[in-house]
Amino acid sequence: MMKWAVLLCAMLALSECNIRIPLIKGKSARESLEEKGLWEQYRKQYPYNPMAKFSQSFAVGYESMTNDADMSYYGVISIGTPPQSFLVIFDTGSSNLWIPSVYCSSTACNNHHRFNPSQSSTFQSTNQPLSIQYGTGSMTGFLGYDTVSVGGIQVPHQIFGLSQTEAPFMAHMKADGILGLAYPRLASSNAQPVFDNMVQQGLVQDYFSVYLSSNSQTGSEVIFGGYNPNHYTGSLVWIPLSAETYWQITMDSVTINGQVVACNGGCQAIVDTGTSLIVGPNSDIANLNSWVGATTNNGDAVVNCNNIARMPVVSFNINGHSFTLPASAYTSQSYYYGCRTGFGNGGSSLWILGDVFIRQYYTVFNRANNSVGLAKAV
């Protein structure tokens, strides 16, 4: 079957040979916790450290992840023969695929789909352990091989992690697991990432694109081996990577009305679908939030909902181009907590351009020439 898929790709026009995975924009863990009156308890018990997964540790069997309660975009993949389905976050800030297993009895596993190796005729086990460190806790498990189906295309002999224990905060997360889309160097135990396996087997070309809808629950998508011009206007601006680990680029500055308010003299930024906010160094974020009129309350940068229409446009200047965000794009409203900005503290010199940014700019992740393409999303 795979040989026919490769042959078909060779015969079709390149623009036609791609795999589209619809993403669902669902309720975030924070929204669910707010509805139940549990958000304050959760945030104190599991303080969010957005930089936890960007550690530079490449030890065998080690991977980092964060407890981002605002994540809300998920897609479905399946693993095994016959297939078992899972809801995953397509994360450009990590490189491994992992899902819960039936060997996990943690509370977090009990309310998620769990993979059962004994029900798959194509599963192969390994003796390799896997540990994923979170900001507050960890996931432990082991690595195995099986056929992974992404967007209807089967990727045979794909290595992935099966959890045996999971941190308690994962019980509140909507996704079952993570499908990492960063570079292979970040993958624990030298496990080949799903996308690299797809490219190596000739199933797709070596780039993929992401569109995140702003309001609609449907319409968001990841396309492997292609991109959709209907989701953006104008031309793609190509930005070379400054490091080939994460999707890391050089940002020139962040300005408001021509005034530099952050990233003075340049800084490094990671384009990350697996982070919900725009995150930066604490002093820069404090200054940026001050400029837009936000005040800090319990870790949130709070603004008056009535002032959003009058709040300034923020410009992220990258590779000689200005990528602007109006206040409607960088603020969000909670029924229980009012309005807040999407600018969060990172406690590091790195910036993360997460979903707040990607919703506004259609993004193509190009491994062929190690670059990121950005265009105004529509």
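The hydrophobic clustering, which links ILVMFWY residues whose side-chain heavy atoms are closer than 4.5 Å, places I19 and I77 together. Linking Ile, Leu, Val, Met, Phe, Trp and Tyr residues whenever their side-chain heavy atoms come within less than 4.5 Å places F142 and V102 in a single cluster. Connection of V313 to V356 is not established within any shared hydrophobic cluster, with ILVMFWY side chains joined at heavy-atom distances below 4.5 Å, either directly or through further cluster members. The hydrophobic cluster containing V302 does not contain V314, counting ILVMFWY residues as joined when their side-chain heavy atoms lie under 4.5 angstrom apart, directly or transitively. Residues V237 and I358 share a single hydrophobic cluster, defined by chaining ILVMFWY side chains whose heavy atoms lie under 4.5 Å apart.
Among residues two or more places apart in sequence or in another chain, the salt bridge (charged side-chain N to carboxylate O under 4.0 Å, His left out) test is passed with D196 by R367. Evaluation of the salt bridge (charged side-chain N to carboxylate O under 4.0 Å, His left out) rule for R114 yields no partner, not counting sequence neighbours. Contacts of H113 classified as ring pair (Phe, Tyr, Trp, His ring centres under 6.0 Å), with partners at least two apart in sequence or in another chain: none. F86 meets the ring pair (Phe, Tyr, Trp, His ring centres under 6.0 Å) test with no other residue; sequence neighbours excluded. Partners of F208 by ring pair (Phe, Tyr, Trp, His ring centres under 6.0 Å), not counting sequence neighbours, listed by chain and number: F195, F224, W247, F365. With sequence neighbours left out, F90 forms a ring pair (Phe, Tyr, Trp, His ring centres under 6.0 Å) with no residue at all. Looking at residues two or more places apart in sequence or on another chain, you find a side chain to side chain contact (heavy atoms under 4.5 Å, CB included) between P312 and I256, V292, Y330. Under the side chain to side chain contact (heavy atoms under 4.5 Å, CB included) criterion, A309 pairs with no residue, sequence neighbours left out. Annotation: side-chain hydrogen bond (donor to acceptor under 3.5 Å, both in side chains) contacts of T363 (sequence neighbours excluded): none.
Atom OG of S163 sits about 5.0 Å away from atom CE of M139, to the nearest 0.5 Å. We find the CG-CG distance between L353 and L277 to be 12.0 Å, quoted to the nearest 0.5 Å. Expressed to the nearest 0.5 Å, how far OG of S283 lies from CG of N264 amounts to 10.5 Å. Rounded to the nearest 0.5 angstrom, L143 CG and I159 CD1 are separated by 4.5 Å. The distance from the CG atom of L212 to the CZ atom of R359 is 7.0 Å, given to the nearest 0.5 Å.
Using a 4.5 Å heavy-atom threshold, the side chains of E221 and V210 count as separate. Side-chain atoms of Y362 and S209, non-hydrogen and from C-beta on, do get closer than 4.5 Å to each other. Using a 4.5 Å heavy-atom cutoff, the side chains of D284 and W351 are in contact. Residues L350 and I270 have side chains in contact (heavy-atom distance under 4.5 Å, counting atoms from C-beta outward). Taking 4.5 Å as the limit, every side-chain heavy atom of I278 sits out of range of all side-chain heavy atoms of I352. The shortest side-chain heavy-atom distance between M311 and V303 falls under the 4.5 Å cut-off. C339 places a side-chain heavy atom less than 4.5 Å from the side chain of I308. Counting heavy atoms from C-beta on, the side chains of Y73 and K174 never come closer than 4.5 Å.
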Name every donor-acceptor pair, under 3.5 Å, that has one atom in a side chain of residues 316-327 and the other anywhere in the protein, sequence neighbours excluded.
from, atom 1, to, atom 2, distance (Å)
N317, OD1, S322, OG, 3.3
N317, ND2, S253, O, 3.4
N317, ND2, S253, OG, 3.0
N317, ND2, T255, OG1, 3.1
N319, ND2, W238, O, 3.4

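Contact record, S95 with P184: OG-N, 4.5 Å, taken as the closest heavy-atom pair. The minimum heavy-atom distance linking C305 with G338 is given by the pair SG-C, 4.0 Å. Closest heavy-atom contact between D146 and T81: OD1-N, 4.3 Å. The two residues A108 and P168 make their nearest non-hydrogen contact at CB-O, 4.5 Å. Taking both residues in full, the closest heavy atoms of T126 and G144 are given as CG2-CA, 4.1 Å, listed atom of the first, atom of the second, then distance. Of all non-hydrogen atoms in L130 and G161, the two that sit nearest each other are CD2-CA, 3.6 Å.
At distances below 3.5 Å, not a single donor-acceptor pair connects side-chain atoms of S101 with backbone N or O atoms of Q164. Side-chain atoms of D272 come within 3.5 Å of backbone N or O of G274 as a donor-acceptor pair. A donor-acceptor pair under 3.5 Å is formed between the side chain of D176 and the backbone N or O of L87. Judged by distance alone, the side chain of S106 and the main-chain N or O of E166 form a donor-acceptor pair under 3.5 Å. For the pair H231 (side chain) and S213 (backbone), a donor-acceptor distance under 3.5 Å is absent. One N or O on the side chain of H112 and one on the backbone of A175 form a donor-acceptor pair closer than 3.5 Å. Under the 3.5 Å distance criterion, the side-chain polar atoms of N304 are matched with a main-chain donor or acceptor of N306. Formation of a donor-acceptor pair under 3.5 Å by the T92 side chain with backbone atoms of V271 is found in this model. Panel note: side chain Q158, backbone Q192; a donor-acceptor pair is recorded below 3.5 Å.
Heavy atoms of other residues, nucleotides or ligands lying less than 6.0 angstrom from CG of N116 number more than 12. Crowding of Y361 atom OH: a count of heavy atoms from other residues, nucleotides or ligands under 6.0 Å exceeding 12.
Listed by first and then second residue, the salt bridge (Lys or Arg N to Asp or Glu O under 4.0 Å) pairs involving residues 369-378 amount to none (not counting sequence neighbours). Applying the ring-ring contact (aromatic ring centres under 6.0 Å, His included) rule to pairs touching residues 289-312 yields nothing, sequence neighbours excluded.
A donor-acceptor contact closer than 3.5 angstrom links the side chains of H157 and Q124.
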Inset, instruction - Could you give me the CA-CA distance, side-chain angles and deciding distance for S78 and S85, then say whether side-chain hydrogen bond (donor to acceptor under 3.5 Å, both in side chains) is met? - result: CA-CA 4 Å; S78 62; S85 295; 5.1 Å; no
Inset, instruction - Show the numbers, then the answer: is there a side-chain hydrogen bond (donor to acceptor under 3.5 Å, both in side chains) between D91 and S94? - result: CA-CA 6 Å; D91 177 24; S94 66; 2.6 Å; yes
Legend entry - Test log, rule side-chain hydrogen bond (donor to acceptor under 3.5 Å, both in side chains), inputs Q205 and Y207: CA-CA 6 Å; Q205 292 186 315; Y207 60 92; 3.0 Å; yes
Inset, instruction - Apply side-chain hydrogen bond (donor to acceptor under 3.5 Å, both in side chains) to N230 and Y211, showing your working. - result: CA-CA 10 Å; N230 293 326; Y211 171 72; over 6 Å; no
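A perpendicular orientation is assigned to the rings of F123 and F160, their planes being inclined by more than 60° (bins at 30° and 60°).
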